[in-house]
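Contents: one structure, followed by commentary.
Within every chain, numbering begins at 1; the chains are lettered A, B, ... in the order of the sequence lines, protein sequences first and strands thereafter. It should be emphasised that the depicted structure is a prediction, and the values quoted were computed from it without experimental measurement.
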Protein chains: 2
Amino acid sequence: MVDRTASEASTLGERVFEQMLDMIYRGDLAPGSVVNEAALAVRFQVSRGPIREAVRRLQGIQLVTREPFAKARVVKLSRQALADLYEMREALEGYACRLVTERMSDQDLAELIAALETARQDYLRDGQPESLSDFDFHSRIIRASGNARLISTLYGDLYHLLRMMRRIKGHVPQRKHDAYSEHWQIIRAIKARDADLAESLMRAHIRRAAAHTMDEGQLTDVASR
Amino acid sequence: MVDRTASEASTLGERVFEQMLDMIYRGDLAPGSVVNEAALAVRFQVSRGPIREAVRRLQGIQLVTREPFAKARVVKLSRQALADLYEMREALEGYACRLVTERMSDQDLAELIAALETARQDYLRDGQPESLSDFDFHSRIIRASGNARLISTLYGDLYHLLRMMRRIKGHVPQRKHDAYSEHWQIIRAIKARDADLAESLMRAHIRRAAAHTMDEGQLTDVASR
DNA sequence: GACGCTCAAAGTGTCAACACTTTTGAGTTT
DNA sequence: AAACTCAAAAGTGTTGACACTTTGAGCGTC
């Protein structure tokens, strides 16, 4: 059921896209599963046109694969493909870190440090790992890079895929405490304006996250879900 | 006029896409120009559906921008956007170079060196800068990286944009001789299995290409074409 | 001349029907 | 039981018409 109330001017195609994206994230459209235009049109009570629009857009962000005349499918990432994704993160987030080291003003850097310190205080008070938000740190670094293309590549494709995989993996024990200290090391390198070190530390950080995730061995069990 | 003869099974939408891509590369659909569905449908003698399919696909590779209910437009890159593109190349091609340094077999590396040497001999014999194909070298490095995501990011988006800009720029005096010697330095670093150096040299190579291109000052004249 | 309003024309989004391709499953043969 | 055939069903691609939104020409007012 597509919400047709126009809280803001939008098309059915875009609404269908949002809802299909949710379905993918939630696993209702699982990796490898068929994307059936006609069935979705019935489900959402729209014609096939907006479904096609949404599917094309999902294809554009790599969440769906499609061949002429064949049923579209939600992408199913192999272990190798996931490894490739993490390498892309190393390349891009590492480089973003370099750009930040070279470009971030002292004032903005002070604000980032203050925000990280606040998160640490929250953690000490609450003992909640969520206070050490992994994604917020990365988000801040990437957005601070100032490279719009880099930002849109990460947020436009790669993070959608990782988010989908996250759901598939289910709960992975977090490494928040380790991640937090790695963040601090990265920040110190940035503060010292050592771009090589900052980049290298960010890459290592992501490499460890990749190893942590892929060593959980759950990817080989994806097919059983 | 869309060629409807089925040399291979394909859809009208895909054929329209190919032809629109050509039009963009040739400047017939110039950056900033309106993409009018109805007019293109008449021109290609198909219904608006395949046009929409093609436009969605062009949007997926960032060559077209679109808002609901508004005319799509061929993207028009600002100077900053082009700079961002080159930075992306630095990040990704630099990283590809690192991967190659770490992974390429001695045999494959020897073949690459031989191919480069052949190009040099051709150049000495012909005096034709085309013998020192800039793109072939990069292509070989990127494909040899073994990271499918990286390859598709470069070939799926970034190079389309650069190709479009190349046409817009018109003829830029080539720096083939300099580029060639830089290629050799990169190869030597790869051969020495010095990933840091290889990456750094590739980045510098691309940075110089960027500076060379953007210093031609032609980008500020784009609007006059 | 500049600005604002009106409204028809132009253009995009959606729909349902038809055209075309692929998949499915029943029936037959080995 | 396995393999093959083939028609029907299912699903995708395309079309033209209608619904909806945006644009711009024409007109009136200041």
Side-chain angles (χ1 to χ4, degrees), chain A residues 1-21 23-24 28-30 32-60 62-76, chain B residues 1-21 23-24 28-30 32-60 62-76:
Chain A
M1 176 65 74
V2 174
D3 179 13
R4 292 186 186 225
T5 58
S7 60
E8 59 185 29
S10 184
T11 64
L12 290 183
E14 298 201 345
R15 294 207 183 106
V16 169
F17 167 76
E18 303 279 354
Q19 292 187 50
M20 285 180 68
L21 196 55
M23 287 168 75
I24 290 170
D28 296 338
L29 276 177
S33 63
V34 163
V35 177
N36 182 315
E37 290 178 10
L40 286 167
V42 170
R43 177 176 179 148
F44 290 133
Q45 297 186 12
V46 297
S47 76
R48 282 175 44 229
I51 306 291
R52 295 180 70 80
E53 303 267 331
V55 169
R56 298 303 182 283
R57 191 160 163 204
L58 287 167
Q59 191 182 2
Q62 321 283 336
L63 282 178
V64 166
T65 61
R66 215 182 55 79
E67 297 292 339
F69 292 112
K71 299 171 179 63
R73 285 184 184 271
V74 177
V75 73
K76 181 170 182 175
Chain B
M1 177 62 74
V2 174
D3 179 12
R4 290 186 188 226
T5 57
S7 60
E8 59 184 29
S10 185
T11 65
L12 289 184
E14 295 199 347
R15 295 206 181 107
V16 169
F17 167 76
E18 302 279 355
Q19 293 189 48
M20 285 181 70
L21 196 55
M23 287 168 76
I24 290 170
D28 295 340
L29 276 177
S33 63
V34 165
V35 176
N36 183 315
E37 291 178 8
L40 286 166
V42 169
R43 177 176 179 150
F44 290 133
Q45 295 186 14
V46 296
S47 77
R48 282 174 44 229
I51 305 291
R52 297 181 69 79
E53 301 267 331
V55 170
R56 296 302 180 283
R57 192 160 162 205
L58 287 166
Q59 191 182 2
Q62 321 281 335
L63 283 178
V64 166
T65 60
R66 215 180 56 78
E67 296 293 338
F69 292 112
K71 299 172 178 63
R73 285 183 184 270
V74 177
V75 73
K76 180 170 183 177

Quiz prompt | Check: A:Val35 and A:Gln59 side chains under 4.5 Å, non-hydrogen atoms | solution = no
Self-check item: Donor-acceptor pair, side chain of A:Arg73 and main chain of A:Gly32, under 3.5 angstrom
Solution: yes
Quiz item: In whole angstrom, what separates A:Arg66's CZ from C:dT22's P?
Solution: 13 Å
Exercise. Kindly indicate whether the side chain of A:Phe44, heavy atoms from C-beta on, has any atom under 4.5 Å from the side chain of A:Arg15.
Key: no
Exercise. Whole angstrom is fine here: how far is it from CZ in A:Arg73 over to P in C:dT22?
Key: 15 Å
Exercise. Work out which heavy atom in B:Gly13 is nearest to a heavy atom in B:Ala54; give both atom names and the distance.
Key: O-CB, 3.7 Å
Self-check item: Within-4.5 Å side-chain heavy-atom neighbours: A:Val16 and A:Glu53
Solution: no
Exercise. Round to the nearest Å and state the distance from B:Glu67 atom CD to C:dT12 atom P.
Key: 14 Å
Practice problem: With a 4.0 Å heavy-atom cut-off, tell me which residues in residues 35-42 of chain B come close to DNA chain C, sorted by residue number. | Solution: B:Val35, B:Asn36, B:Glu37, B:Ala38
Quiz item: A:Ser47 side chain N/O closer than 4.0 Å to the phosphate oxygens (OP1, OP2) of C:dC15?
Solution: yes
Quiz item: Between A:Gln59 (CD) and D:dT12 (P), how many Å, whole number?
Solution: 13 Å
Practice problem: Please tell me which of the listed nucleotides, D:dT15, C:dT12, C:dC15, lies nearest to the side chain of A:Pro50? | Solution: C:dC15
Self-check item: Atom pair distance, as rounded to whole Å: CG in A:Leu12 and P in D:dA19
Solution: 15 Å
Quiz item: Under a 4.5 Å cut-off applied to non-hydrogen side-chain atoms, are B:Gln19 and B:Arg43 in contact?
Solution: no
Practice problem: Round to the nearest Å and state the distance from B:Phe44 atom CZ to D:dT14 atom C1'. | Solution: 16 Å
Exercise. Please examine the side chains of B:Met20 and B:Val55, heavy atoms only from C-beta on, and report whether any two atoms are closer than 4.5 Å.
Key: yes
Quiz item: Nearest nucleotide by nearest heavy atom, which residue falls closer to the 5' end of DNA chain C, A:Glu53 or A:Ala70?
Solution: A:Glu53
Filtered N/O pairs between nucleotides 17-20 of chain C and protein, under 3.5 Å:
none

Practice problem: Mind calculating the distance between CD1 (B:Ile51) and P (D:dG13) to the nearest angstrom? | Solution: 16 Å
Practice problem: Check the distance between D:dG16's C1' and B:Arg52's CZ and give it to me in whole angstrom. | Solution: 14 Å
Quiz item: Do A:Val64 and A:Leu29 come within less than 4.5 Å of each other through their side chains, counting heavy atoms only?
Solution: no
Quiz prompt | Proximal nucleotide (of D:dG11, C:dG11, C:dC15) relative to the A:Lys71 side chain | solution = D:dG11
Exercise. Kindly say if B:Arg56 contacts the phosphate of C:dG13, meaning a side-chain N or O under 4.0 Å from OP1 or OP2.
Key: yes
Exercise. List in chain and number order the residues that pass salt bridge (Lys or Arg N to Asp or Glu O under 4.0 Å) with B:Arg57, two or more places apart in sequence or in another chain; answer none if no residue qualifies.
Key: none
Quiz item: What nucleic acid atoms does A:Gly49 come within less than 4.0 Å of, heavy atoms only: base, sugar-phosphate, or nothing?
Solution: nothing
